[in-house]
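Notes follow once the structure below has been shown.
The basis for the numbers below is simple: all heavy atoms, side chains too, and nothing from hydrogens, waters or symmetry mates.
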Amino acid sequence: MLQHLTIPRGPIELAADLHLPDDQDGEAPLRAVVLSTPGSSVKEQIGANYAARLAARGFAALVFDPAHQGQSGGEPRDLEDPYRRGEDISYAIDTLETLPGIDPRRIGVLGICAGGGYAVHTARTDHRIKAVGTVVPGNMGTSFRGFQPDGPAAALDALAEARSQENRTGEQARENWLPDTLQDAAAAGLTDLDTTQAITYYRTARGRHERSTNRRLARGDSLLLGYDAFHLVDQLMTQPLQVVLAGRIGNTGSYESGMRLWKMAPNPVDLMVVDGAGHYEMYDVPEYVDAAVDRLAGFYADHL
């Protein structure tokens, strides 16, 4: 079953989908999982693939569009603010706690790709979250700092000048998350397997969604450059942790990020490496997603 919800978030609302088991008996309150999705994605994409499968295994699974993106409110549009992404999760929990049929003491989180880092960062300080699951988790701060050819400090200097220019012109620059086509990627010399698979998922009929714009507001990049999703995890994130990684190590950094998280977390419970899978294949290839969700379902059953 699928219910469309709105999540109050201060002056705006988040658009959300609540996936529920078809055979819900209405007697025992359900354990629930809030999903934190990859950067640039909307709730109908990767989040829905995992939420529907969790619901089929007996959990309530809530997936939402982040503030400023998709069907959710918030201006300016296309803003990727890692701190607000974390706050979105807490607002989602606020709503789950009020819903009939949900056990407010048995709520976990599942973060995928960049959403994995956002979920971890939120769980450190929101201990209503009782269990933390991640799939190919990324630390957006580490990733963005690594993308800068002249280093992150020089990138921040350039962003400061660009923001001053925007204030003079009133125009807000946007950047592509990915090349829009495989041809654009090839022209830019981006022919590695991970980039190709990312474009094939996000920008073709396989996974494309009209509300996933493939654009981010450039002024948010300074926030990403200064962000560390794993800051103080070793001291604050006491919840049980499940990490699921793709076995083929590419250039996304998620394998390295996931292993770092696994080693620094105070309460690691289970580490799964999905043999043969690449990062983006963990988004929608049934063989790999089903294997991950089977393991996650067992983890949440034990710890929620």
Side-chain angles (χ1 to χ4, degrees), residues 7 9-10 14 31-39 47 50 59 61-64 66-67 80-97 102-146 152 220 222-245 253-272 295-296 298-304:
I7 297 170
R9 194 202 195 288
L14 306 181
R31 293 168 289 200
V33 178
V34 176
L35 283 90
S36 176
T37 54
Y50 279 82
F59 299 89
L62 180 66
V63 60
F64 58 88
E80 184 77 9
D81 180 334
Y83 304 98
R84 289 182 70 80
R85 287 290 306 263
E87 290 172 352
D88 290 343
I89 297 170
S90 290
Y91 279 104
I93 294 171
D94 291 343
T95 292
L96 270 179
E97 287 185 326
I102 303 296
D103 190 335
R105 298 161 300 179
R106 303 169 83 184
I107 296 175
V109 68
L110 171 59
I112 305 161
C113 189
Y118 299 148
V120 165
H121 199 254
T122 305
R124 301 168 316 131
T125 53
D126 191 338
H127 282 201
R128 295 177 300 171
I129 296 170
K130 301 305 182 185
V132 179
T134 62
V135 176
V136 292
N139 185 336
M140 286 293 279
T142 300
S143 297
F144 260 69
R145 288 187 290 274
S222 58
L223 300 174
L224 294 166
L225 285 165
Y227 182 67
D228 181 1
F230 300 161
H231 181 56
L232 296 179
V233 159
D234 55 337
Q235 300 177 49
L236 300 179
M237 200 188 80
T238 55
Q239 299 97 323
L241 171 69
Q242 165 84 62
V243 176
V244 179
L245 302 176
S254 63
Y255 185 91
E256 296 83 355
S257 178
M259 291 303 299
R260 178 180 172 228
L261 174 63
W262 175 256
K263 291 174 182 176
M264 70 188 301
N267 191 10
V269 169
D270 187 42
L271 173 66
M272 179 187 190
R295 192 76 154 253
L296 287 159
F299 167 75
Y300 292 125
D302 290 340
H303 297 285
L304 289 181

Non-neighbouring partners of Ser257 that pass side chain to side chain contact (heavy atoms under 4.5 Å, CB included), sequence neighbours left out: Asn139, Phe230
Interatomic spacing from CZ in Phe64 to CD1 in Ile7 - rounded to 0.5 Å: 6.0 Å
With Arg9 via salt bridge (charged side-chain N to carboxylate O under 4.0 Å, His left out) - residues at least two apart: Glu87, Asp88
Step through the shown structure and confirm whether more than 12 heavy atoms of other residues, nucleotides or ligands are within 6.0 Å of NE2 on His127. yes
Drop me the distance from Leu245's CG to Leu261's CG, to the nearest 0.5 angstrom. 9.0 Å
Can you tell me how far the CG atom of Leu110 sits from the OG1 atom of Thr134, to the nearest 0.5 Å? 8.0 Å
Can you check whether Ala301's main-chain N or O pairs, donor with acceptor, with Arg31's side chain at less than 3.5 Å? yes
All ring pair (Phe, Tyr, Trp, His ring centres under 6.0 Å) counterparts of Phe299, not counting sequence neighbours: His303
Heavy-atom closest contact (Pro66 atom, Leu14 atom, distance): C-CD2, 4.2 Å
Tyr91 and Gly10: which non-hydrogen atoms are nearest, and at how many Å? CE2-N, 4.0 Å
Side-chain contact test, heavy atoms from C-beta onward, threshold under 4.5 Å: evaluate it for Tyr118 versus Thr37 and give yes or no. no
Of all heavy-atom pairs between Arg260 and Thr142, which one has the smallest distance, and what is that distance? NH1-OG1, 4.5 Å
Where do Glu80 and Gly39 come nearest, in terms of heavy atoms and distance? OE2-CA, 3.9 Å
For Gly116 and Pro137, which heavy atoms make the closest approach, and how far apart are they? CA-CB, 4.2 Å
Go through the structure and list residues passing side chain to side chain contact (heavy atoms under 4.5 Å, CB included) with Asp81, not counting sequence neighbours. Leu79, Tyr83, Arg84, Leu223
Partner set under salt bridge (charged side-chain N to carboxylate O under 4.0 Å, His left out) for Glu97, not counting sequence neighbours: Arg128
With heavy-atom distances below 4.5 Å as the criterion, would you say the side chains of Leu296 and Val135 are in contact? yes
Report the distance from atom NE2 of His231 to atom CE of Met237, rounding to the nearest 0.5 Å. 14.5 Å
Rounded distance [0.5 Å steps], CD1 in Ile89 versus CG in Asp94: 12.0 Å
Minimum heavy-atom distance Ala265-Leu241, with the two atoms named: CB-CD2, 3.5 Å
Is it the case that the side chain of Arg295 and the backbone of Val243 share a donor-acceptor pair, with hydrogens and angles ignored and the cut-off at 3.5 Å? no
Chi angles and distances behind the side chain to side chain contact (heavy atoms under 4.5 Å, CB included) call for Arg106, Lys130: CA-CA 6 Å; Arg106 303 169 83 184; Lys130 301 305 182 185; 6.0 Å; no
To the nearest 0.5 Å, tell me how far His121 NE2 sits from Asp228 CG. 7.0 Å
Got a sec, which pairs hit side chain to side chain donor-acceptor pair (under 3.5 Å) with one end in residues 232-243, sequence neighbours left out? Gln242-Asp270
Ile129 and its side-chain contact (heavy atoms from CB on, under 4.5 Å) partner, picked from Thr122, Ile107, Leu304: Thr122
